[in-house]
Protein chains: 2
Amino acid sequence: MPADDAPADDAAAAGEVELGPKASRTRSAIIDAALRLFREHGFEATTMRAIATEAGVSVGNAYYYFASKEHLIQAFYDRTQADHARSAQRVLDRETDLEARMIGVVEAWVEVMEPYRAFAGTFFKNAAEPTSPLSPFSPESTPARETSIDLWRQVVQGSDARIPKVLRAELPELLWLYFMGVVLYWVHDPTPGAARTRLLAGRTVPMVVRTIGLARLPVLRSTLADLLALIQDLKGISA
Amino acid sequence: MPADDAPADDAAAAGEVELGPKASRTRSAIIDAALRLFREHGFEATTMRAIATEAGVSVGNAYYYFASKEHLIQAFYDRTQADHARSAQRVLDRETDLEARMIGVVEAWVEVMEPYRAFAGTFFKNAAEPTSPLSPFSPESTPARETSIDLWRQVVQGSDARIPKVLRAELPELLWLYFMGVVLYWVHDPTPGAARTRLLAGRTVPMVVRTIGLARLPVLRSTLADLLALIQDLKGISA
DNA sequence: CAAGTGTTTTGAACATGTTCAAGAAATTGG
DNA sequence: CCAATTTCTTGAACATGTTCAAAACACTTG
């Protein structure tokens with residue numbers, strides 16, 4: 001599998017790439033062609049032959065840069081994640097209210113993804129396979145996941161909300177998990193403009209924020225403690 | 001697509017089938033062959049040619065009964081869902097404690113699925129695609145979903161727990177959703193015997209039950225009301 | 001510059017899911 | 001029992017993701 005020793009497919013994830021100008025340009029051409037075709041005809045309907053032709057290279061060459069058709073999705077992820085981070089930053093720079101920050105980040109994501117809505121489901125189909133390196137829970141996507149969780153860490157840290165001490169450490173990860181839930185909902189949301197997803201986020205975010213505040217109350221304390229202990233224990237059982 | 005007018009692939013779901021004995025036997029042979037091969041070599045590694053050969057029919061014939069390789073998964077679902085229902089019933093017949101009933105139903109499911117753990121992920125990959133008829137949220141799988149939700153209705157109704165009135169109507173569906181979450185976790189659980197998943201269920205079920213009890217408290221009342229209202233609203237927005 | 005070494009590119013060949021036109025087998029109607 | 005009709009079965013053909021050996025290219029070294 002030549003592509004494995006070839007320029008790393010996910011190199012763009014970290015932001016830095018060290019490739020010759022030629023290789024780099026071919027790679028970009030393939031990604032551009034692929035994303036354009038994906039957007040126009042969907043993932044399944046786009047053939048590797050079509051991508052190669054559109055990019056002006058041979059099929060084999062495309063496989064030199066991307067181990068499989070699925071691996072092109074990684075490139076898509078990297079691109080949209082960067083777009084999202086940029087877009088979210090604009091909100092985070094000006095808002096200090098936790099609720100507004102959370103909603104802002106979710107809305108930014110929905111907006112960035114809008115052009116790809118129609119076929120993003122196909123993407124997530126592949127991402128849903130546990131053994132797939134594209135799964136958001138896979139070891140291979142650890143860097144991307146960390147980047148994503150960091151965004152939620154920022155959401156929390158930059159806010160003026162008073163977070164109960166017990167929650168501090170785990171909250172960003174928990175919010176990321178909440179966000180994954182929103183994404184899952186979005187994938188199945190057929191409404192134009194993702195209306196349902198926006199409604200879901202707009203209404204659940206306040207609940208989440210309120211619940212965080214409630215966490216210090218005695219009634220919820222013990223349940224929360226149970227939950228946090230469980231998370232620790234789950235992490236403890238090795239694979 | 002001849003198979004579309006052919007004996008319905010999901011006929012077994014409802015339980016009743018009206019097919020000639022010959023057709024029925026061929027169909028069963030294909031399913032048996034497929035599931036055996038899936039269990040032994042996994043989903044991807046099993047070719048339609050192998051399934052056909054193992055079942056003693058031609059490839060084309062397999063496609064007469066099943067529109068695609070994915071559609072064989074539906075048969076798998078139907079089978080395991082029936083097994084689960086049977087197994088869960090034994091618990092429901094003897095337990096009245098809500099917590100015990102819930103844990104029993106989850107444990108029964110984990111046990112039924114254990115032989116398929118290794119490759120079940122591949123199944124769910126396909127189920128995760130929103131447009132796939134195999135998605136648990138798709139219109140096509142409405143009957144199967146209803147059956148599954150009914151099981152949780154039974155869990156609630158047969159218990160001696162005092163359920164807050166506001167929750168009564170939605171609780172079974174919410175528990176089913178909780179169960180889907182457990183399933184999602186299970187899919188990604190690499191521990192032998194699904195140890196992590198069992199731990200998750202054993203610890204979260206008591207939290208869920210406790211939270212149900214807490215729902216009548218004033219602090220949670222409003223949040224719960226918001227949540228229920230949201231569910232109604234989400235159902236309201238048409239696709 | 002020539003030889004050597006590593007990188008990039010090519011297109012034919014392969015594997016497998018799927019289709020389809022044709023035929024065999026069963027069923028029905030007279 | 002024959003003809004017509006429906007159901008079932010077949011295997012070759014097709015589409016597309018993927019591989020691979022060979023060639024083209026780029027770059028270093030003597």
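Because the structure is a prediction, the values reported are computed rather than measured. In the text below, chain A, chain B and the rest are named by the order of the sequence lines, each starting its count at 1.
Partners of A/T47 by side-chain contact (heavy atoms from CB on, under 4.5 Å), not counting sequence neighbours, listed by chain and number: A/R49, A/A50.
Residues of residues 38-52 of chain A having a heavy atom closer than 4.0 Å to DNA chain D, listed by number: A/T46, A/T47, A/M48, A/R49.
Minimum heavy-atom separation, A/A33 to A/E54: CB-CG, 3.5 Å. The two residues A/F43 and A/K69 make their nearest non-hydrogen contact at O-NZ, 2.9 Å.
The side chain of B/S68 contributes no N or O atom lying less than 4.0 Å from OP1 or OP2 of C/dG17.
A/V59 comes within contact range of at least one nucleobase, with a heavy-atom separation under 4.0 Å.
Comparing A/V57 and B/N61, the nucleotide of DNA chain C nearest to each residue sits closer to the 5' end for A/V57.
Here the nucleotide nearest the side chain of B/S58, chosen from D/dT10, C/dG17, C/dT9, is D/dT10. Nearest to the side chain of A/Y65, among C/dT9, D/dT18, D/dG11, sits C/dT9.
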Discussion item. The test is ring pair (Phe, Tyr, Trp, His ring centres under 6.0 Å); show your working for B/W109 and B/F179 and say whether it passes.
Written reply: CA-CA 10 Å; B/W109 188 86; B/F179 178 57; 5.6 Å; yes

Practice prompt. Report the C-alpha distance between B/D32 and B/R25 in whole Å, list the side-chain angles of each, state the deciding distance to 0.1 Å, and finish with yes or no for salt bridge (charged side-chain N to carboxylate O under 4.0 Å, His left out).
Written response: CA-CA 10 Å; B/D32 288 342; B/R25 234 183 306 140; over 6 Å; no

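In summary, the side chains of A/S68 and A/H71 do present a donor paired with an acceptor at a separation below 3.5 Å, with no hydrogens or angles considered.
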